[in-house]
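Note that the coordinates shown come from a computational prediction; the quantities given were computed from them, not determined experimentally. Atoms within a ligand are numbered from 1 in the order they appear, just like the ligands themselves. Heads up: numbering here begins at 1 and tracks the sequence.
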Amino acid sequence: MAIEPVHYPSMVTKLRDSFDRGLTRPLGWRRAQLGAMSRMLRENEKSIAQALAKDLAKPGQEVYLGELSLLFSEIRHARRQLRRWARPRRVHTPLVGQPARSWVQPEPLGVVLIMGAWNYPVQLVLSPLIPALAAGNCAVVKPSEIAAATSALMAELIPRYLDSNAVQVVEGAVEETTELLKQRFDHILYTGGAHVGRIVMRAAAEHLTPVTLELGGKSPCVIDEGADLASAARRLIWGKCLNAGQTCIAPDYVLVTRARRDELIAAIGNELDAMYGQDRLKSDDYAKIINRRHFDRLVGYLDDGDVAIGGRFDEENCRIEPTVLTGVDADSKIMREEIFGPLLPVIEVDSLEQAIAFVRQREKPLAAYLFTRSRVSERQFVESISTGSLCINDVLMFMSVPELPFGGVGMSGMGQYHGKAGFDRFSHLKAVMKRSRFPEIPIRFPPYTDFKLRLLKRLG
Ligand code: NAD
């Protein structure tokens, strides 16, 4: 049964009590919770796939690839590394502090709030919950109401598998979330757009609660002069069409030199034929747009360019063909807003330098991609583009590496998680120093003398 807003204060108090009495402290408890989450996913793969089919017409393979496999890998990694991450981390004590030992002791924060977005509604709720539990916290989880079937399923499954004294699910939209955000949490991890990100941060400021904001942005994809176009086209269009482009790190637009533009578009057309056939609106391997509001927004962008591939849509079923647009003005709406759908503007540039300047003139993206054969271009790109993540010669695949921290920079977000970065995000890294009881040279105590000062300076 859904938790009503009037019960939010007592729900948080109950979780805080669990935390205070040490329920979440033992590593064995944490490992067991992660194991239970893994079991939850395995035993309910079918109902998860059904909920995602209802919300997004997500193809079965994409359910595994974009949601479950990432979670399994994060859980496995966290369970294996937990002992290492949680143990005290010894640091060097300089001469002036000797004799002593100093270390960093990770400790859980308390009760954290996790708010997910609708596009990967299982993964975006659970992948922050993995490090939150691994680090020994209690958590309130708020799935996105926009993916309604998946939100309901999460609310049903989580209490069946995870310890309800430590994890609670709250379902709801703006009204419920507004109430929830009035509660005091020890950390909030929010995934979604920047508009709500600001609302979350404002609410968090009331309690001085630290936030992690996992936002979006326009992730560029640059095709360097000598790039292998067949491979680039295959990989980039796969990343664009996965979940019908409703992926925070999907390549948003492509920058390619004039000389290679038509060749790239032809290669993309070939790949689309191979992946989805001719009637792409009917392909079972291709998701739908989440709702009418987003469908209308995306169809509105079609006027911002010339359709080179695709362009058809099915209003009744909220489907839009993978669409390549050319002749797009750099100041048009489609180039000012995050697309978050299967439309791909291909923009011509003269050189890699011009492409880099184009990206740098805009907000820092969540991801940036470069297809190249040149080490020099690679270095230039890595050194000059500030972005949450960066991938050379592919898109999205960096998500499969649990030890790579994930998160944005600037307008694409703040704070990172996944792997150890996630564990640290949900921990306080407490600084501890243990001084020896042996007597010391009393140079820091008054009466101060020139000799003591000289000695202090020498010891640094
Ligand atoms: P959304 O509408 O599902 O909202 C996200 C969360 O905010 C939900 O839990 C929702 O209930 C809550 N919310 C909505 N309106 C609110 C309000 N007025 N007050 C309080 N809470 C409110 O998601 P969205 O914003 O449409 O998500 C799309 C965006 O998320 C895109 O920009 C995308 O790039 C980004 N995104 C980022 C990541 C990432 O990991 N960085 C992942 C997925 C999506």
Minimum-distance protein heavy atom relative to atom 2 (O) of ligand 1 | I146 CD1, 3.3 Å

For P251 and L236, work out which heavy atoms get closest and say how close.
-> CG-O, 3.7 Å

For E67 against N119, the heavy-atom pair lying closest together = OE2-O, 4.2 Å

Rounded to the nearest 0.5 Å, what's the gap from CZ on R235 to OH on Y369? Could you check?
-> 13.0 Å

Atoms of ligand 1 less than 4.0 Å from N119 heavy atoms?
-> 43 (C), 44 (C)

Measure from the ring center of F340 to the ring center of W118 and say whether it is less than 6.0 Å.
-> yes

Out of A117, G192, G172, whose heavy atom is nearest to atom 35 (C) of ligand 1?
-> G192

Going through the checks in order, is the side-chain contact (heavy atoms from CB on, under 4.5 Å) test met by Y253 and I334?
-> CA-CA 10 Å; Y253 62 94; I334 195 174; over 6 Å; no

Per-residue contact class, L366 against ligand 1 - non-hydrogen pairs under 4.0 Å | side chain

Does the N or O separation between T178 and ligand 1 drop below 3.5 Å for any pair?
-> no

Would you mind checking which non-hydrogen protein atom is closest to atom 36 (N) of ligand 1, with the distance to 0.1 Å?
-> C248 CB, 3.5 Å

When you measure from atom 10 (C) of ligand 1 to every protein heavy atom, which one gives the shortest distance, and what is it?
-> E145 OE1, 3.4 Å

Ion pair D424/R89, N-O distance below 4.0 Å = yes

Please determine if E338 has a nitrogen or oxygen closer than 3.5 Å to a nitrogen or oxygen of ligand 1.
-> yes

May I ask you to check if ligand 1 and K142 share an N or O to N or O distance below 3.5 Å?
-> yes

In terms of heavy-atom contacts, P365 and V409 come closest through O-CG1, 4.2 Å

State, to 0.1 Å, how close V395 and G239 come at their nearest heavy-atom pair, and which atoms those are.
-> CG2-CA, 3.7 Å

In terms of its nearest heavy atom to atom 13 (N) of ligand 1, the top option of V125, V196, L124 is V196

Considering heavy atoms of the protein only, find what lies nearest to atom 3 (O) of ligand 1 and give residue, atom and distance to 0.1 Å.
-> S144 OG, 2.6 Å

Within the structure, does L215 bring an N/O atom to less than 3.5 angstrom of an N/O atom in ligand 1?
-> yes

Does G116 come within less than 4.0 angstrom of ligand 1, counting non-hydrogen atoms of the residue?
-> yes

Top protein contact for atom 12 (C) of ligand 1, by heavy-atom distance | M115 CE, 3.8 Å

Any nitrogen or oxygen of V174, main chain or side chain, under 3.5 Å from a nitrogen or oxygen of ligand 1?
-> no

When the ring planes of H187 and F426 are compared, do they come out parallel, tilted or perpendicular, using 30° and 60° as the limits?
-> perpendicular

Tell me which one of T191, T212, I199 gets a heavy atom nearest to atom 5 (C) of ligand 1.
-> T191

Can you see which heavy atom on M115 is nearest to which on L181, and at what distance?
-> SD-CD2, 4.1 Å

Closest to atom 7 (O) of ligand 1 among protein heavy atoms sits Y190 CE1, 3.3 Å

The one among F406, F340, W118, Y120 that brings a heavy atom closest to atom 24 (P) of ligand 1 = W118

What are the two closest non-hydrogen atoms of K288 and Q246, and how far apart are they?
-> O-NE2, 2.9 Å

Residue pair I320 / R280, side-chain heavy-atom distance below 4.5 Å = no

In this structure, atom 25 (O) of ligand 1 is nearest to the protein heavy atom G193 N, 2.8 Å

Looking only at protein heavy atoms, which one is nearest to atom 20 (C) of ligand 1, and how far off is it?
-> T177 CG2, 3.6 Å

